[in-house]
Student: 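Handing you a structure now.
What you are looking at is a predicted structure, and each value in this text was computed from that prediction instead of being measured. Order of the sequence lines sets the chain letters (A, B, ...), proteins ahead of strands, with each chain counted from 1.
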Amino acid sequence: MIALVDCNSFYCSCEQVFRPDLFNKPVVVLSNNDGCVIARSKEAKALGIPMGAPYHHYKKVMAFHNVAIFSANFPLYADFSSRVMAILNRFSDAVDIYSIDEAFIQLGGLTEDVIGYANTIRSTILKWTGIPVSIGIAQTKVLAKCANQFAKGLPDSGGVFALTHPPVIDTALKQVSVGDIWGIGRNHSAMLKRHRIHTAYDFKMHANRQQLLKWLTKVGLQVYDELNGLSCINLHDMNLPRKNIQVARSFRPELTTIDDVQAAMATFVTRAMEKLRAQQSLVQCITVFVRSNPFQQHAQYYRKALSVGFLTATNDTFVVMKGARMALKRVMVSGVSIKKAGVVLSEITDDASIQESLFERSTVNPLMAVLDGINQRYGRDTIQVANQKRYTQKRRSPQWVSSRYTTNWEELLTVGLKDSQI
DNA sequence: TCTGGGGTCCTAGGACCC
DNA sequence: TCTGGGGTCCTAGGACCC
């Protein structure tokens, strides 16, 4: 038996832990640059604020309904995530972390009272971290995802729902739209509906595997099998090293000179290489990309990417930065302001399996370990490339960011008496 | 004024080889 | 005059996820 444990409105819940006055109130969390809504509390959803909505489109609605707004505080969310996952490890031997706010756990041989067990998990997480979760239970991951939707949606489910009895499964799947099945996105759902497949039940009952393969590729067929109770989706292990590492940001205001973009790139390469070394890998290719604002009505949309390969795999920030600089010179054109830029590291290898080049020794720079050590101990960017400053200084700081209550000594929650009570 | 960031996997089709 | 068949590898682009 598999349980999907999913934190409710995760980012909002993290903020609410330190703001109990906001429990059961509309809360949203905004992306970088306070651009888009990336999390909404139940109450905010009820106001009709969609996921991914640009903040400025909903500014008035939010002000009118007194919605509490937060700028994204990822260090805080990452810390809460690891606390929740640590608790899950106490309840199951096999925890597959699927994203920052959800994990699949095996319930093993447990057959009796899975609901009771799930309720215990749920209340423990709530008590120890303050984060409410929903738990869906089923034979397969896709069905567990469906069960989770009911756990979230049905008020009297108490946050736990099991799809384990065949008649219940079919009744439930008739109420799930194909587009709401995990793994069936917008495009595929539109196509299925054109072929009169509207619900998860219709999909499950479709007889023609060949046709499904043609429409949805191998991946869609796996979803189909899982709906039919055949477990076949294996998750990429979150602990395995990434095959690509991307760091990208939007700029506000937009950047117009190559020097400014260069400075931003220096920061992106630094971050990406830190991630690379953290997973003990080497990289052999970097892609640099820039783009203008696609929403701009008057100007022509510009986007361009360029990759640079290295003779040998490396973990040296300075080597990669040099490659990025070369690439950047060739993707920038004058007169275009850059709205977003970033880097992608690819051709990533394990640093134990270095391919020595005929011409060059692999570039594993021991200086990097020293640098990482200092920055880990004394804080990010204690030592940095001079050019990074230019980017950090230009960046507008987010408006509504909360404290890093759990990861920074300077920002602990302070408790005190009001003046009147002293 | 103002629209996020970071991943994975799959397939079709071209390049190239014998 | 006439120009095969079969395989692998790579890449761009599409689809999906949170």
Student: Could you check whether A:Thr270 and A:Gln388, counting side-chain N and O atoms only, form a donor-acceptor pair closer than 3.5 Å?
Tutor: yes

Student: Could you check, using the six-membered ring where one of them is a Trp, whether A:Tyr391 and A:Phe268 have ring centers closer than 6.0 angstrom?
Tutor: yes

Student: In whole angstroms, how far is the C1' atom of B:dG5 from the CG atom of A:Asp34?
Tutor: 15 Å

Student: Without decimals, in angstroms, what is the distance between A:Leu30 CG and B:dT3 P?
Tutor: 12 Å

Student: Quick one: A:Ile245 CD1 to B:dG5 C1', roughly how many Å, whole number?
Tutor: 15 Å

Student: Ignoring hydrogens and geometry, is there a side-chain-to-backbone donor-acceptor pair from A:Ser292 to A:Tyr302 under 3.5 Å?
Tutor: yes

Student: Where the side chain of A:Ile38 is defined as all heavy atoms beyond and including C-beta, which of B:dG6, B:dT3, B:dG4 is the nearest nucleotide?
Tutor: B:dG4

Student: Specify the residue among A:Val247 and A:Gly35 whose closest nucleotide of DNA chain B lies further upstream toward the 5′ end.
Tutor: A:Gly35

Student: If only side-chain N and O atoms count, and only distance matters, is there a donor-acceptor pair under 3.5 Å linking A:Ser13 with A:Asn8?
Tutor: no

Student: Do any N or O atoms from the side chain of A:Gln246 and from the backbone of A:Val344 form a donor-acceptor pair under 3.5 angstrom?
Tutor: no

Student: Testing the 3.5 Å rule here: is there a donor-acceptor pair between the side chains of A:Thr317 and A:Arg277?
Tutor: yes

Student: By side-chain contact (heavy atoms from CB on, under 4.5 Å), which residues pair with A:Gln210, not counting sequence neighbours?
Tutor: A:Asn208, A:Leu213

Student: When the distance from CG of A:Asn32 to P of B:dG4 is rounded to whole Å, what number comes out?
Tutor: 10 Å

Student: Tell me, for nucleotides 7-18 of chain C in 5' to 3' order, what letter each nucleotide earns: B for a base near a protein heavy atom under 4.0 Å, S for only sugar-phosphate near one, - for neither?
Tutor: --------SSSS

Student: Check the side chains of A:Asn148 and A:Ser134 for a donor-acceptor pair under 3.5 angstrom, ignoring hydrogens and angles.
Tutor: no

Student: Output the single nucleotide from B:dG4, B:dT3, B:dG6 whose closest atom is nearest the side chain of A:His56.
Tutor: B:dT3

Student: For residues 52-72 of chain A, which side-chain N or O atoms pair as donor and acceptor with protein atoms under 3.5 Å away, sequence neighbours left out?
Tutor:
residue : atom : partner  : partner atom : Å
A:His65 : ND1  : A:Val61  : O            : 3.1
A:Ser71 : OG   : A:Asp34  : OD1          : 2.7
A:Ser71 : OG   : A:Trp400 : N            : 2.8

Student: Tell me, with the steps shown, if A:Phe251 and A:Ser337 meet side-chain contact (heavy atoms from CB on, under 4.5 Å).
Tutor: CA-CA 10 Å; A:Phe251 306 121; A:Ser337 28; over 6 Å; no

Student: Under 4.0 Å from OP1 or OP2 of B:dG5: is there any side-chain N or O of A:Ser31 that close?
Tutor: no

Student: Given salt bridge (charged side-chain N to carboxylate O under 4.0 Å, His left out), test A:Arg271 with A:Asp381 step by step and report yes or no.
Tutor: CA-CA 10 Å; A:Arg271 290 285 166 271; A:Asp381 291 336; 2.6 Å; yes

Student: Separation of A:Phe251 atom CZ from B:dG4 atom C1', in whole Å?
Tutor: 13 Å

Student: Between A:Thr406 and A:Asp79, is any side-chain donor less than 3.5 angstrom from a side-chain acceptor?
Tutor: yes

Student: Check whether the side chains of A:Thr287 and A:Ser307 place a donor and an acceptor atom closer than 3.5 Å, and report yes or no.
Tutor: yes

Student: Report yes if at least one side-chain N or O of A:Lys59 is closer than 4.0 Å to OP1 or OP2 of B:dT1; otherwise report no.
Tutor: no

Student: Using Watson-Crick and G-U wobble pairs whose two distances are both under 3.5 Å, how do you write the pairing of DNA chain C as dot-bracket, with | for links to another strand?
Tutor: ....||||||||||||||

Student: Can A:Tyr55 be classed as stacking with the base of B:dT3, given a centroid separation cut-off of 5.5 Å and a plane angle cut-off of 30°?
Tutor: no

Student: Quick one: does any side-chain atom of A:Glu226 pair with a main-chain N or O of A:Ile233 as donor and acceptor, under 3.5 Å?
Tutor: yes

Student: Under 6.0 Å between ring centres, would you say that holds for A:Phe104 and A:Trp182?
Tutor: yes

Student: With DNA chain B as reference, determine whether A:Lys243 or A:Phe295 sits nearer its 5' end, using the nearest nucleotide of each.
Tutor: A:Phe295

Student: Using a 4.0 Å cut-off on heavy atoms, which residues in residues 197-228 of chain A reach DNA chain B? List them by number, or say none.
Tutor: A:Thr217, A:Lys218, A:Val219

Student: Measure from CZ on A:Phe268 to C1' on B:dG4 and round the result to the nearest Å.
Tutor: 12 Å

Student: Between atom CD in A:Gln296 and atom P in B:dT1, what is the gap in whole Å?
Tutor: 11 Å

Student: Which value, in whole Å, describes the distance between the C1' atoms of nucleotides C:dG4 and B:dC16?
Tutor: 16 Å

Student: Just to be sure I understand the geometry, which residues of residues 396-408 of chain A put a non-hydrogen atom under 4.0 Å away from DNA chain B?
Tutor: none

Student: Please give, in whole Å, the distance from B:dT3 P to A:Gln297 CD?
Tutor: 13 Å

